[in-house]
Every structure is written in C-alpha cells, then in structure tokens.
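In what follows, a structure is listed as structure tokens, so that the remarks can point back to it.
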2 protein chains.
Amino acid sequence: MGATKTEHFTDAQNQIAIIAKALGHPARIAIIEYLLKVNECICGDIVNELPLAQPTISQHLKELKNAGIIKGSISGNTICYCIDEKTIDILNSYFLKITQTLSKSKCC
Amino acid sequence: MGATKTEHFTDAQNQIAIIAKALGHPARIAIIEYLLKVNECICGDIVNELPLAQPTISQHLKELKNAGIIKGSISGNTICYCIDEKTIDILNSYFLKITQTLSKSKCC
DNA sequence: AAACAATATCGTAATATTGCAATATTATAA
DNA sequence: TTATAATATTGCAATATTACGATATTGTTT
C-alpha cells in the first residue's frame, strides 16, 4: 500500500483535501503571495522571484492549477496566471464554518 | 534532491504550508469533521468511525497534532483530542486577507 | 527562415507519505 | 496480579512528491 484511499471519503472531503494539499508547500504559498503582490496577471517573472529552477516552478504552477487555485491563460509568448477567487472562497467558507461550529461547542 | 527547500522561504510561508499540508488528506479532513460532529473532546471512537486501521489513524492524529490543528490531552485510558481554534483562526485570517486583496485587484 | 524567449514535458534521483501487521505501552477492570 | 482496552510505536512495502538537467514546444523578433 501507500496510496491515499480517496474512495473511502466523500467528494466534499476529497475536494478540501486536494485544495489544502496544493497549498501544502511553501513554494506554492510563495507563488500565491507573489501573485497577490504584483496585483495583476502577467506573471512571466515568477522564475526570477523564487529560489527554484524553472521546471520546478512550472510543476508547482501546474499543481496549483490542477487544484483550481490559480487559472492560467495563454497570452502570446507568456502565460497569464492569476488566483481563482472561487476556490479561495471555498476555503473561506469551510474554515469559517469550523470556527462557528467551535464557538457553539462544549469542547475544551 | 527531493526534499522541500524550506530554508528558502519565510517562516510565515512555511507555517501556512505546514498547516495546509496537514489538512491535505481526506482522512484528516474526516477526523476534523468527526470532531466537529461529536462536539466534544472524548474521541476514543474515531477508529470505529473511519475506514482505516488503528495505526493509520493514530499516525494521522499525530500529524494533525504536530501541525497544531488539534490538541490532545490524556484522560485516563483514552486520549482527549479536540480542534485548536487558534490554528483555524490563522487560516481564516490568511484566506480572508487573500479575498480582500483580490477584491482590490486589477486582475482578470 | 533563423534566432531567441518563455514555458512545458520527460526522465530520474532523492526523499516523503501512506497504510498496516506486529508489537509495545499504559491505564483500568477483574 | 492478570487480563483487557485504548492508543502509540516500529518496521516495511507501495506509492507520491520534490527538484532539476535535458529537451521539446510555441510564439515573437530579426
């Protein structure tokens, strides 16, 4: 064994896990923060901003895209990446709901 | 190679990544949702609730604990686990800030 | 067309994660 | 004290992730 048993869990649980997993690497957090900082989509200079080789960054971008956290569209020679608000909203409402449930809790 | 180059990123980036990574598995999401559902700390029956063997669940609990997402205290024979609100709050404010930044963005 | 730039893909080595059987630990119950 | 119950740890096989050099792809520029 060794593979995650996704079939034993609900679609909703797997979806949150996939998004969280994609955020579970500091390089990918750094990519997101850079996208926020530059405040626009043209992102051809991510490679110069991060201490990783170009293929590695390309791979991280792919994972963020697969998880729906960023979206990319081809714009001539460069590729325009930006954050997909919908996915961030999923996280926002998920964790907010946890906080709200906890506030009603008899837990420690 | 193969290991994550944490030293190249900020402490804040690594912290978010560690928390997100711990949430990046459906079994651990299921554990959290179960903790929320029972609405209390005594959690000796997680093993009966999840389709995984006891050592596997124990390992997932350990990872959630290491990431600060749950806290556990020994209570006689059983161990009392519950969600650590502080860590959920870190996520809430992190993703909320992203949403707020995006709303001011000239991005697509 | 040829050179160049930006990005993606392939291949692969190093490392990490997942899952579980077997076993250990520790507290309660008999 | 000897079971019994709950949880943790160990060890290991299967699989996934991370990182990057080499190379491919594709659009732009000359």
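Convention: sequence-line order gives letters A, B, ...; per-chain numbering from 1. Since the structure is predicted, the reported quantities are computational estimates derived from the model, not experimental observations.
Under the ring-ring contact (aromatic ring centres under 6.0 Å, His included) criterion, the residue pairs touching residues 51-74 of chain B are B:His25-B:His60, with sequence neighbours excluded. Applying the salt bridge (charged side-chain N to carboxylate O under 4.0 Å, His left out) rule to pairs touching residues 14-33 of chain A yields A:Arg28-A:Glu63, sequence neighbours excluded. Listed by first and then second residue, the salt bridge (charged side-chain N to carboxylate O under 4.0 Å, His left out) pairs involving residues 77-98 of chain A are A:Asp84-A:Lys86 (not counting sequence neighbours).
Applying a 4.0 Å cut-off to non-hydrogen atoms, the residues of residues 49-66 of chain A that approach DNA chain C are A:Gln54, A:Pro55, A:Ser58, A:Lys62, listed by residue number. Near DNA chain D, meaning a heavy atom under 4.0 Å from it, residues 17-27 of chain A has A:Lys21, A:His25 in order of number.
Among residues two or more places apart in sequence or in another chain, the side chain to side chain contact (heavy atoms under 4.5 Å, CB included) test is passed with B:Ala53 by B:Pro55, B:Thr56. Residues that satisfy the side chain to side chain contact (heavy atoms under 4.5 Å, CB included) test with A:Ile18, not counting sequence neighbours, are A:Ala67. With sequence neighbours left out, B:Ser93 forms a side-chain hydrogen bond (donor to acceptor under 3.5 Å, both in side chains) with no residue at all. Under the side chain to side chain contact (heavy atoms under 4.5 Å, CB included) criterion, B:Lys65 pairs with B:Ile70, B:Tyr81, sequence neighbours left out.
In this entry the distance linking CD1 of B:Ile46 with C1' of D:dA5 reads 16 Å, nearest Å. Between the NE2 atom of B:His8 and the C1' atom of D:dA19 there is a distance of 12 Å, given to the nearest Å.
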| What's the verdict on side-chain hydrogen bond (donor to acceptor under 3.5 Å, both in side chains) for A:Thr99 and B:Asn92, showing C-alpha distance, side-chain angles and the deciding distance? | CA-CA 8 Å; A:Thr99 297; B:Asn92 267 319; 2.6 Å; yes

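Taking only side-chain nitrogens and oxygens, A:Tyr81 comes nearer than 4.0 Å to OP1 or OP2 of C:dA8.
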